[in-house]
Amino acid sequence: MSPAPTTRTITLALTGASGMPFGLRLLDCLLGAGARVYLLYSPAAQVVARQECDLVLPAQPREAQRMLSERYAAREGQLFVFGREDWMAPLASGSNPADAMAICPCSMGTLGAIAAGLADNLIERAADVMLKERRPLVLVPRETPLSSIHLENMTRLAHAGAVILPPVPGFYTRPRSVDDIVDFVVARVLDHLSVAHELTRRWGEARVTPLPGVDA
Ligand SMILES: Cc1cc2nc3c(=O)[nH]c(=O)nc-3n(C[C@H](O)[C@H](O)[C@H](O)COP(=O)(O)O)c2cc1C
């Protein structure tokens with residue numbers, strides 16, 4: 001049986017790191033799970049989306065909302081796309097934040113800006129709000145190798161309450177395709193956003209018999 005639809009509101013930001021298939025699959029899964037999604041993306045994310053996924057993300061939020069709602073079969077009122085300087089957006093304030101936020105993929109630039117508390121655009125501000133309001137903030141940083149600056153920024157953010165979730169797959173699920181590897185990472189992000197999914201088998205689940213009436 002599929003999990004019950006979620007009623008959660010999730011902010012998803014796409015930034016200009018490699019790994020756009022993770023971000024787009026996450027968007028797909030959030031909408032498929034019934035979440036309301038506030039979507040943000042940076043100009044560099046537009047370049048990466050085109051390079052890695054042949055996807056042209058429109059500069060105009062309204063146009064992007066229409067295009068992505070159609071692409072992912074979102075229900076009316078399920079997907080909202082906000083511009084990077086839209087300071088009137090709900091997620092700009094601690095009085096109306098989303099339930100949780102993911103930045104996937106997360107560039108070292110955006111990571112550093114959040115670690116420094118810059119809040120200079122709506123992605124950085126929304127992340128800043130999540131930290132100050134003690135709500136889940138999941139960062140999927142991508143770079144290799146990592147400098148001590150990257151590592152220190154990640155440590156700082158982890159101490160402030162963020163979940164640092166690099167897109168590092170496990171191979172114990174025996175992935176057979178790139179899609180399987182993407183789903184492995186997206187599944188862990190969904191877990192940390194408290195959005196139910198059935199993307200991958202969980203470790204050890206075959207050894208535990210279902211409890212009637214509980215694990216139905
Ligand atoms: C195709 C492409 C791939 C990139 N990959 C990465 C990456 O994996 N990690 C990273 O930190 N920056 C990467 N960059 C550089 C960032 O996009 C750049 O630093 C940008 O200023 C980040 O801006 P943003 O954080 O506002 O998206 C990449 C850029 C391009 C065009």
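Counting convention: from 1, in listed order, for ligands and their atoms alike. The figures that follow rest on heavy atoms only: side chains count, while hydrogens, waters and symmetry mates do not.
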Students should be able to answer this: which protein heavy-atom is nearest to [atom], and at what distance?
{"atom": "atom 5 (N) of ligand 1", "answer": "Ser18 N, 3.2 Å"}
{"atom": "atom 11 (O) of ligand 1", "answer": "Met108 N, 2.8 Å"}
{"atom": "atom 15 (C) of ligand 1", "answer": "Gly16 O, 3.6 Å"}
{"atom": "atom 8 (O) of ligand 1", "answer": "Arg142 NH1, 2.8 Å"}
{"atom": "atom 22 (C) of ligand 1", "answer": "Ser107 OG, 3.7 Å"}
{"atom": "atom 31 (C) of ligand 1", "answer": "Val47 CG1, 3.8 Å"}
{"atom": "atom 30 (C) of ligand 1", "answer": "Val48 CG2, 3.8 Å"}
{"atom": "atom 26 (O) of ligand 1", "answer": "Ser42 CB, 3.5 Å"}

Region of [X] engaging ligand 1 - heavy atom pairs below 4.0 Å:
{"X": "Ala17", "answer": "both"}
{"X": "Arg50", "answer": "neither"}
{"X": "Thr15", "answer": "both"}

Original post:
Any N/O of Gly109 closer than 3.5 Å to an N/O of ligand 1?
Top reply: no
Original post:
Does Gln51 reach ligand 1 with a nitrogen or oxygen that is under 3.5 Å from one of the ligand's nitrogen or oxygen atoms?
Top reply: no
**OP:** Taking atom 17 (O) of ligand 1 as the reference point, report whether a protein heavy atom occurs under 4.0 Å from it.
**Re:** yes
**OP:** Using the side-chain hydrogen bond (donor to acceptor under 3.5 Å, both in side chains) rule, pick out the option among Gln51, Arg142, Glu52 that qualifies with Ser18.
**Re:** Glu52
**OP:** Using side-chain hydrogen bond (donor to acceptor under 3.5 Å, both in side chains) as the criterion, point out the one residue from Arg25, His197, Arg188 that pairs with Asp183.
**Re:** Arg25
Original post:
Do Leu40 and Asp86 come close enough that some side-chain heavy atom pair is under 4.5 Å?
Top reply: no
Original post:
Is there a side-chain contact between Arg156 and His159 (heavy atoms, below 4.5 Å)?
Top reply: no
Original post:
Hey, does Arg84 sit under 4.0 Å from ligand 1 if you only count heavy atoms?
Top reply: yes
**OP:** Could you check which of Ala45, Ala44, Ala13, Pro167 puts a non-hydrogen atom nearest to atom 23 (O) of ligand 1?
**Re:** Ala44
Which heavy-atom pair separates [X] from [Y] by the least distance, and what is that distance?
{"X": "Arg125", "Y": "Trp87", "result": "CB-CZ3, 3.7 Å"}
{"X": "Cys106", "Y": "Thr15", "result": "CA-OG1, 3.2 Å"}
{"X": "Ala98", "Y": "Thr11", "result": "CB-OG1, 3.2 Å"}

**OP:** Kindly say whether Thr110 contributes a backbone atom to a donor-acceptor pair with the side chain of Glu124 at under 3.5 angstrom?
**Re:** no
Original post:
Checking Asp28 side chain against Leu24 main chain: does a donor-acceptor pair fall under 3.5 Å?
Top reply: no
Subject >> Centroid separation Tyr41 to Phe82 less than 6.0 Å >> reply: no
